[in-house]
Number of protein chains: 2
Amino acid sequence: MLKIATFNVNSVRSRMHILSQWLHDNRVDVLCLQETKTEDQFFPASEFEALGYEAVFKGEKAYNGVALLSLHPIMNPHFGLEDGEEPDPATRIVRGTVLGVHIINTYVPQGKSIDHSDYQYKMRFFDRLKTLFDREYSKADDLLWVGDMNVAPTDIDVTNPGNKRDHVCFHEDIKKKFEEIKAWGFIDVFRKYRPGEGEFSFFDYRVKNALERNIGWRIDHILATSSLAHRSEDCYVDRGPRGWEKPSDHAPVVGAFNIDE
Amino acid sequence: MLKIATFNVNSVRSRMHILSQWLHDNRVDVLCLQETKTEDQFFPASEFEALGYEAVFKGEKAYNGVALLSLHPIMNPHFGLEDGEEPDPATRIVRGTVLGVHIINTYVPQGKSIDHSDYQYKMRFFDRLKTLFDREYSKADDLLWVGDMNVAPTDIDVTNPGNKRDHVCFHEDIKKKFEEIKAWGFIDVFRKYRPGEGEFSFFDYRVKNALERNIGWRIDHILATSSLAHRSEDCYVDRGPRGWEKPSDHAPVVGAFNIDE
DNA sequence: GTGAGATCTG
DNA sequence: CAGATCTCAC
């Protein structure tokens with residue numbers, strides 16, 4: 001069994017109390033972090049090591065930052081899109097292979113507003129990612145693409161779809177772009193197991209009692225190529241840590257895959 | 001018995017975890033706080049009330065602030081020097097009477113540097129305090145003057161006297177001034193019980209492992225008029241809380257007085 | 001080093 | 001609301 005989780009931690013250093021407790025309780029094989037918000041020299045690698053996890057990571061001061069943690073060796077780690085285009089978002093994408101499964105962890109740009117150049121950059125990010133899939137992987141591979149995608153794919157993935165039509169994480173253009181790239185060869189494993197409404201992974205700090213009122217977004221995803229998706233066993237949001245002291249605004253999304261047979 | 005403590009908390013709101021625990025363990029009759037660093041509307045009065053303590057307090061945003069907490073009624077509370085001189089440091093001195101004992105709690109200005117005007121203000125603070133003693137009290141009163149005095153009176157009250165001759169808390173001028181005002185009628189109760197070296201109440205955060213290495217200053221004091229000093233039973237620094245999680249840089253100083261006979 | 005403040009960001 | 005940064009104070 002390969003248990004993998006994706007978790008936007010909103011500062012890895014401010015979230016060690018959550019991460020220690022959660023990894024102690026869950027022992028996922030792989031944990032993909034986004035928004036670590038710290039330069040590599042300050043990344044708490046030894047704390048993860050003490051928990052049994054090796055880590056590859058790249059971050060910057062205050063913004064972005066991704067990490068790939070694993071109980072098993074991480075083979076062939078890479079950062080960024082490596083397509084020769086500038087800028088290469090090296091602190092938004094980390095890849096590696098664990099137990100023969102290729103893993104891509106992305107922190108997709110949020111986009112600010114639909115008339116902002118960052119939104120075009122976000123669209124372009126997905127295009128470039130598709131190029132990377134074409135270049136580096138095959139649709140027949142055991143491939144997992146996980147992370148904070150900053151896209152809620154359908155109406156049931158947000159609390160109030162009506163007032164979010166112009167939102168950078170819910171606009172028709174970005175949803176279409178996301179569907180296109182998923183069509184490369186990915187299955188939304190979460191929806192295999194939780195097809196209903198009210199399933200969210202992000203609860204804005206600014207919304208009062210968002211967790212209790214279940215006002216959120218499903219923008220953190222675990223996507224798998226069909227070979228792997230067919231061997232999936234479960235996928236769920238663990239809302240627990242969102243309710244702990246000093247939480248991230250995101251909750252971990254966990255997936256389980258039977259890779260042993 | 002009257003147990004009294006003085007404790008520079010370096011933000012009362014950031015120190016509630018320490019204060020709750022410590023008051024639960026110690027149940028002093030009176031606790032004098034300095035550097036509460038909060039406006040009165042945000043002072044955690046109800047939390048102290050829940051612990052059985054009534055409080056009089058005056059603070060300001062980010063700086064200064066004093067509080068007088070007591071298990072017994074606080075009679076005739078006053079703030080500031082009330083001498084008509086401006087400015088009146090109302091958030092640096094609180095007075096009141098508990099079980100017939102007059103208590104003065106001061107947070108004496110630090111002074112910044114010996115060539116800074118704040119240092120002159122510090123000297124003047126002691127002069128004005130002496131005027132207050134003359135005006136409001138008699139040397140025959142049961143009177144306690146406690147607080148963060150920002151003066152280490154003698155060579156054994158600091159770790160390295162040699163390199164502190166020009167320090168605002170150790171310069172000859174301020175030590176002389178402090179001795180003069182003590183001469184109004186106060187006895188340093190702490191030294192009755194702990195005459196030796198290496199007794200400190202303040203351990204700078206910036207000195208690595210200051211507590212374990214015992215590198216500090218004795219600048220928090222419990223002074224009593226002779227009638228009361230003769231009935232004192234003990235006086236000590238409780239270094240415990242300085243070693244707890246998220247501590248103040250000061251430790252409480254505790255004194256016990258047999259006022260029942 | 002650890003409080004506080006203000007300002008910016010999502 | 002809660003990260004980040006910076007400045008200030010002790």
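Convention: sequence-line order gives letters A, B, ...; per-chain numbering from 1. Every heavy atom of this structure was used, including side-chain atoms; hydrogens, water molecules and symmetry mates were not.
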Q.
How many whole angstroms separate atom NZ of A:Lys61 from atom P of D:dG3?
A. 19 Å

(Q) I need the CD-P distance between A:Gln110 and C:dT9, as an integer number of Å. (A) 13 Å

Q: Measure the acute angle between the ring planes of B:His250 and B:Phe202, then classify it against the limits of 30° and 60° as parallel, tilted or perpendicular.
A: tilted

Q | Test item: A:Met123 and A:Asp173 side chains (from C-beta on) under 4.5 Å apart, heavy atoms | A | yes

Q: In whole angstrom, give the distance that lies between atom CZ of B:Phe202 and atom P of C:dG1.
A: 14 Å

**Q.** Atom-pair distance (CG on A:Asp249; C1' on D:dA4), nearest Å
**A.** 13 Å

Q) Would one find a side-chain N or O of A:Ser11 under 4.0 angstrom from OP1 or OP2 of D:dA4? A) yes

(Q) Can you classify the ring geometry of A:Trp217 versus A:His167 as parallel (below 30°), tilted (30 to 60°) or perpendicular (above 60°)? (A) tilted

Q.
Whether B:Lys246 contacts C:dT2 is assessed here as follows: a side-chain N or O lying under 4.0 Å from the phosphate OP1 or OP2. Is that the case?
A. no

Q. In what stems does DNA chain D take part, counting only runs of at least 3 consecutive Watson-Crick or G-U pairs whose two distances fall under 3.5 Å?
A. C:1-10 with D:1-10

**Q.** Residue B:Ala62, side-chain heavy atoms: nucleotide from C:dT9, D:dC10, C:dG5 that is nearest
**A.** C:dG5

Q) For the rings on A:His221 and A:Phe178, is their centre-to-centre separation under 6.0 Å? A) yes

(Q) Quick check on C:dG3: is either OP1 or OP2 less than 4.0 Å from any side-chain nitrogen or oxygen of B:Thr36? (A) no

Q) How about A:Met149 and A:Thr106: do any of their side-chain heavy atoms sit closer than 4.5 Å? A) yes

Q: Would you kindly give the CG-to-P distance between A:Asn64 and D:dA4, to the nearest whole Å?
A: 13 Å

(Q) Starting the side chain at C-beta, find the nucleotide from D:dG3, C:dG3, D:dC10 nearest to A:Tyr205. (A) D:dG3

Q.
Counting C-beta onward and ignoring hydrogens, is there a side-chain heavy-atom pair between B:Cys235 and B:Val253 closer than 4.5 Å?
A. yes

Q. Between A:Phe170 (CZ) and C:dG10 (P), how many Å, whole number?
A. 21 Å

Q. Does B:Arg13 put a side-chain nitrogen or oxygen below 4.0 Å from OP1 or OP2 of C:dA4?
A. no

Q | Side chain proximity check, A:Leu19 to A:Val12, heavy atoms < 4.5 angstrom | A | yes

